[in-house]
Amino acid sequence: MIYYEKYGEDSPRVLMFLHDTNFVHCFTKQSAYFARKCEVVVPHLPGFGRNYDTTFSVDIAVEQVAELSKNLGKPITLVGFALGAQLCIPLLCRHGDLFTGAILISPWTTKDIADIEREMKQQVDNEKSMRSGAVSMSVGLSKMEKQEHKEFCQNVTMKSILASIDNGFQVSDYPEFSEIDKPLSAICGIKENIEIRKSVRELAHLNHNCVYDMWDGAGHNIPYKFAPRLNKTIEEFIAKI
């Protein structure tokens, strides 16, 4: 069973947040906000957080999240960031009956081999900084969250980090995506790299139920640097379901 955190009161509505590579706490500002309104669930994806003893793979992640979702036994709205946003697609394609819709933030679903290799090299080159948990200093985490994030960074294997980048994921591998009849929203910052901006447009092109938006001033930082706007966006999205 996948490890997960649960916040808020028992509710017929569940928001499930799927985190970015090696950043379980990226939705901390959403978890606290929505715990006052509904039930919030944050799985630690395989390979990361308290599930660091499993090497990441898309198939393992999808099956573990789906199993958790079945056990919750309630309709679930997905909100994913980067890696978590990518996972929303196979989850909806393979287990669509479990979910009411999804918000995909900064998904990378249209990949080029050269871009994958460049990103993997960057992760290897920056391993020392990653192990220090330095990213936690700039995103508004509490003292306890910073300490926990550093622990996770020290435990994670580079194999899982690289697997989350070179995971073979392409939206073209999921032709069923175009048939998903649930509300979908793809979001990224205008300062994101060109591959992510292309991915967001492509998702909206492939599925007429998917709308997209690019936020001025934002980069790869929407959940924590643009928390009030994202929280409002999520509220408006779930109000329409």
Locate the shortest heavy-atom distance separating Pro107 from Ile196; write the atom from each residue and the value. O-CG2, 3.5 Å
Show, in sequence, the C-alpha distance, side-chain angles and deciding distance for Thr21 and Phe48, and conclude whether the side-chain contact (heavy atoms from CB on, under 4.5 Å) test is met. CA-CA 8 Å; Thr21 297; Phe48 305 109; 3.9 Å; yes
Does Glu127 pair with Arg131 as a salt bridge, N-O distance under 4.0 Å? yes
Check this for me: Lys150, atom NZ, are more than 12 non-hydrogen atoms of other residues, nucleotides or ligands nearer than 6.0 Å? no
Near Tyr4 OH, under 6.0 Å, is it more than 12 heavy atoms from other residues, nucleotides or ligands? no
Go through the steps to decide whether Glu119 and Gln123 satisfy the test side chain to side chain donor-acceptor pair (under 3.5 Å), and finish with yes or no. CA-CA 6 Å; Glu119 180 65 19; Gln123 291 294 332; 3.2 Å; yes
What I want to find out is whether Asp10 reaches Lys74 closely enough, with some N-O distance under 4.0 Å, to be called a salt bridge. yes
Nearest heavy-atom contact between Glu192 and Ser106 is OE2-OG, 2.7 Å
Are Phe152 and His25 an aromatic pair, judged by ring center distance below 6.0 Å? yes
Hey, is Lys111 close enough to Asp115 for a salt bridge, meaning N to O under 4.0 Å? no
Could you state the interatomic distance from CG (Asp166) to CD1 (Ile161), rounded to the nearest 0.5 Å? 14.0 Å
Between Glu117 and Lys121, does a salt bridge (charged side-chain N to carboxylate O under 4.0 Å, His left out) hold up when you go through it step by step? CA-CA 6 Å; Glu117 291 177 345; Lys121 182 179 185 302; over 6 Å; no
Can you name the nearest heavy-atom pair linking Met158 to Met130, along with the distance? CE-CE, 4.1 Å
Shortest non-hydrogen contact from Phe34 to Asn231? CZ-O, 3.4 Å
Atom NZ of Lys232 with >12 non-hydrogen neighbours under 6.0 angstrom: no
Between Asp59 and Arg94, does any side-chain N to carboxylate O distance fall below 4.0 Å? yes
Do Glu5 and Val40 have side chains that get closer than 4.5 Å, going by heavy atoms? no
Pro90 pairs by side chain to side chain contact (heavy atoms under 4.5 Å, CB included) with which of Asp173, Val171, Val65, Val62? Val62
One thing to verify: whether Glu9 and Arg36 come together as a salt bridge, which I'm taking to mean a side-chain N less than 4.0 angstrom from a carboxylate O. no
4.5 Å side-chain heavy-atom contact, Leu78 and Leu104: no
With no hydrogens and no angle check, do the side chains of Thr109 and Gln170 hold a donor and an acceptor under 3.5 Å apart? no
Check this for me: Glu176, atom CD, are more than 12 non-hydrogen atoms of other residues, nucleotides or ligands nearer than 6.0 Å? yes
Taking Thr110's backbone N and O only, do any of them form a donor-acceptor pair with Ser199's side chain (distance below 3.5 Å, no angle check)? yes
Less than 4.5 Å apart, side chain to side chain, heavy atoms only: is that true for Ile238 and Arg13? yes
First locate atom CZ of Phe177, then atom OG of Ser172, and finally report the distance between them rounded to the nearest 0.5 Å. 12.0 Å
Using a strict 4.0 Å threshold on nitrogen-to-oxygen distance, state whether Asp97 and Lys182 make a salt bridge. no
Check the side chains of Tyr52 and Gln154 for a donor-acceptor pair under 3.5 angstrom, ignoring hydrogens and angles. no
Measure from the side-chain N and O atoms of Asn207 to the backbone N and O of Ile180, and report whether any donor-acceptor pair falls under 3.5 Å. yes
Whether over 12 other heavy atoms sit under 6.0 Å from Met1 CE: yes
Would you say the rings of His220 and Phe81 are close, in the sense that their centroids are separated by under 6.0 Å? yes
What's the separation between atom OG1 in Thr77 and atom CD1 in Ile103, rounded to the nearest 0.5 Å? 8.0 Å
Would you find a donor on one side and an acceptor on the other, under 3.5 Å apart, between the side chain of Ser129 and the backbone of Asn126? no
Closest approach of Glu145 and Ser142, non-hydrogen atoms and distance? OE1-N, 2.9 Å
Minimum heavy-atom separation for Ser160 and Phe56, please, with both atom names. OG-N, 3.0 Å
Contact between Phe27 and Val42 at the side-chain level, heavy atoms closer than 4.5 Å - yes or no? no
Donor-acceptor pair, Lys159 side chain versus Thr55 backbone, under 3.5 Å? no
